[in-house]
Amino acid sequence: VARRLSLRKHPECHSMAGGKAIEHLAQTGNRQQHMFRLPMQQYRNCDFSFSGLQNLVNKAIIQKEKEEGIQEGEILSCVKDIAAAVQHAVAVHIIQRTYRAMLFCTKNKILSSKNATLVVSGGVASNQYIRKGLQTLADANDFAFLCPPPRLCTDNGVMIAWNGIERLRAGLGVLHSTDGIRYEPK
């Protein structure tokens with residue numbers, strides 16, 4: 001969405017990553033100016049998908065570009081409102097699906113109801129709006145909430161590397177020889 005909105009050209013966001021730019025603009029946007037239907041509402045499961053939402057947002061952007069008489073790549077006057085609406089839809093989708101997972105785990109006694117914990121990490125955990133929503137969800141369901149500081153949630157590559165370091169230290173799943181392993185680039 002940030003790429004489609006050309007947020008690198010926005011004066012407030014030129015040096016920000018896409019997610020951070022959306023979050024920044026959403027703070028002063030009006031999410032009620034654009035209502036995006038939540039993805040996968042017909043499926044009563046815990047799966048996530050944002051492709052349907054992305055299609056809806058793209059259509060809305062195209063419509064607004066036509067209304068404002070601007071070309072793709074130019075900044076829409078309502079960019080903050082779109083950012084706020086997208087961020088809200090993503091947050092609600094994540095919260096709904098996470099809530100279903102929490103209910104499933106509690107009902108099926110996968111998690112103890114006494115010390116259940118919701119752990120949120122990765123890029124999504126750096127978004128304060130989403131983080132606050134998940135914190136509220138955890139609190140309302142008597143789950144502890146663990147989330148690294150945002151500065152540690154920006155790069156999944158770093159988290160994967162850290163996991164590799166921990167597995168190496170523990171001797172878990174570590175190959176000491178790569179003989180006979182075929183690598184196929186995709």
Side-chain angles (χ1 to χ4, degrees), residues 1-10 12-68 70-105 118-138 147-148 150 152-160 163 184-186:
V1 171
R3 188 177 308 118
R4 182 59 182 87
L5 288 170
S6 302
L7 296 187
R8 289 261 183 214
K9 295 179 182 178
H10 194 282
E12 295 177 33
C13 304
H14 67 277
S15 64
M16 294 180 188
K20 185 67 177 169
I22 293 286
E23 180 181 12
H24 173 76
L25 294 176
Q27 290 173 354
T28 54
N30 180 353
R31 67 179 171 84
Q32 295 176 330
Q33 291 297 314
H34 301 275
M35 301 300 277
F36 295 116
R37 191 174 65 246
L38 296 177
M40 302 179 66
Q41 290 298 291
Q42 70 274 27
Y43 300 107
R44 301 288 180 213
N45 57 32
C46 303
D47 296 343
F48 294 94
S49 176
F50 298 97
S51 59
L53 177 60
Q54 184 174 352
N55 289 335
L56 291 173
V57 173
N58 283 338
K59 287 178 185 177
I61 292 170
I62 289 167
Q63 180 63 37
K64 285 295 178 185
E65 287 170 342
K66 286 179 184 173
E67 288 174 15
E68 293 187 14
I70 65 171
Q71 297 292 318
E72 181 176 332
E74 295 179 51
I75 304 296
L76 289 167
S77 65
C78 60
V79 70
K80 292 180 178 187
D81 298 338
I82 291 174
V86 168
Q87 177 179 255
H88 181 73
V90 167
V92 171
H93 183 56
I94 290 170
I95 291 164
Q96 282 182 350
R97 297 303 168 143
T98 302
Y99 180 53
R100 284 190 182 137
M102 291 164 70
L103 290 175
F104 177 85
C105 291
L118 176 62
V119 178
V120 180
S121 64
V124 72
S126 66
N127 181 294
Q128 293 300 307
Y129 188 81
I130 296 171
R131 182 188 285 242
K132 285 177 187 171
L134 289 169
Q135 172 79 63
T136 301
L137 175 67
C147 194
L152 300 177
C153 297
T154 57
D155 188 342
N156 287 337
V158 171
M159 287 180 276
I160 291 166
N163 182 26
E184 295 182 27
K186 292 185 178 182

Validation: residues 87-94 side-chain donor-acceptor distances under 3.5 Å, sequence neighbours left out:
| unit_1 | atom_1 | unit_2 | atom_2 | d |
| --- | --- | --- | --- | --- |
| Gln87 | OE1 | Asn127 | ND2 | 2.9 |
| His88 | ND1 | Tyr129 | OH | 2.6 |
| His88 | NE2 | Arg31 | NH1 | 3.2 |
| His93 | NE2 | Ser49 | N | 3.2 |
| His93 | NE2 | Ser49 | O | 3.2 |

Are there over 12 heavy-atom neighbours, none belonging to Phe104, within less than 6.0 Å of that residue's CZ?
no
Could you check whether atom CD of Gln71 has more than 12 heavy atoms from other residues, nucleotides or ligands sitting under 6.0 Å from it?
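No, the 6.0 Å shell around CD holds no more than 12 heavy atoms from other groups.
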Per the salt bridge (charged side-chain N to carboxylate O under 4.0 Å, His left out) rule, what does the pair list look like for residues 75-87, sequence neighbours excluded?
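Checked against salt bridge (charged side-chain N to carboxylate O under 4.0 Å, His left out) - neighbours excluded - the pairs reaching residues 75-87 are Glu12-Lys80.
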Contacts of [X] that satisfy side-chain contact (heavy atoms from CB on, under 4.5 Å) - sequence neighbours left out:
| X | answer |
| --- | --- |
| Arg8 | none |
| Ala60 | Phe36 |
| Asn55 | none |
| Thr136 | none |

Provide the closest heavy-atom pair for [X] versus [Y] in the form atom of the first, atom of the second, distance.
| X | Y | answer |
| --- | --- | --- |
| Val79 | Ile75 | CG1-CG2, 4.1 Å |
| Ser6 | Gly73 | OG-CA, 3.1 Å |
| Ser126 | Pro150 | CB-O, 4.0 Å |
| Phe48 | Met40 | C-SD, 3.8 Å |
| Val57 | Ile82 | CG1-CG2, 4.4 Å |
| Arg97 | Pro39 | NH2-O, 3.8 Å |

Side chain to side chain contact (heavy atoms under 4.5 Å, CB included), that's the test. Do Leu7 and His24 meet it? Break it down for me.
CA-CA 11 Å; Leu7 296 187; His24 173 76; over 6 Å; no
Which distance, rounded to the nearest 0.5 Å, do you find between the [atom1] of [X] and the [atom2] of [Y]?
| X | Y | atom1 | atom2 | value |
| --- | --- | --- | --- | --- |
| Lys20 | Cys13 | NZ | SG | 10.5 Å |
| Leu76 | Leu5 | CG | CG | 6.5 Å |
| Leu38 | Leu56 | CG | CG | 10.0 Å |

Counterpart residues, side-chain hydrogen bond (donor to acceptor under 3.5 Å, both in side chains), relative to [X] (two or more places apart):
| X | result |
| --- | --- |
| Gln41 | Gln96 |
| Lys64 | Glu67 |
| Gln32 | none |
| Arg131 | none |

Return the set of residues passing salt bridge (Lys or Arg N to Asp or Glu O under 4.0 Å) with Glu65 (not counting sequence neighbours), or none when no residue passes.
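With sequence neighbours excluded, Glu65 shows a salt bridge (Lys or Arg N to Asp or Glu O under 4.0 Å) to Arg4, given in chain and number order.
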Contacts of type salt bridge (Lys or Arg N to Asp or Glu O under 4.0 Å), residue Glu74, not counting sequence neighbours:
none
Between Leu134 and Ile95, does the side chain to side chain contact (heavy atoms under 4.5 Å, CB included) criterion hold? Intermediate values first, please.
CA-CA 6 Å; Leu134 289 169; Ile95 291 164; 3.9 Å; yes
Between Arg100 (side chain only) and Cys46 (backbone N and O only), is there a donor and an acceptor less than 3.5 Å apart?
no
Evaluate Cys78 against His34 for side chain to side chain contact (heavy atoms under 4.5 Å, CB included), listing each step before the verdict.
CA-CA 10 Å; Cys78 60; His34 301 275; 4.0 Å; yes
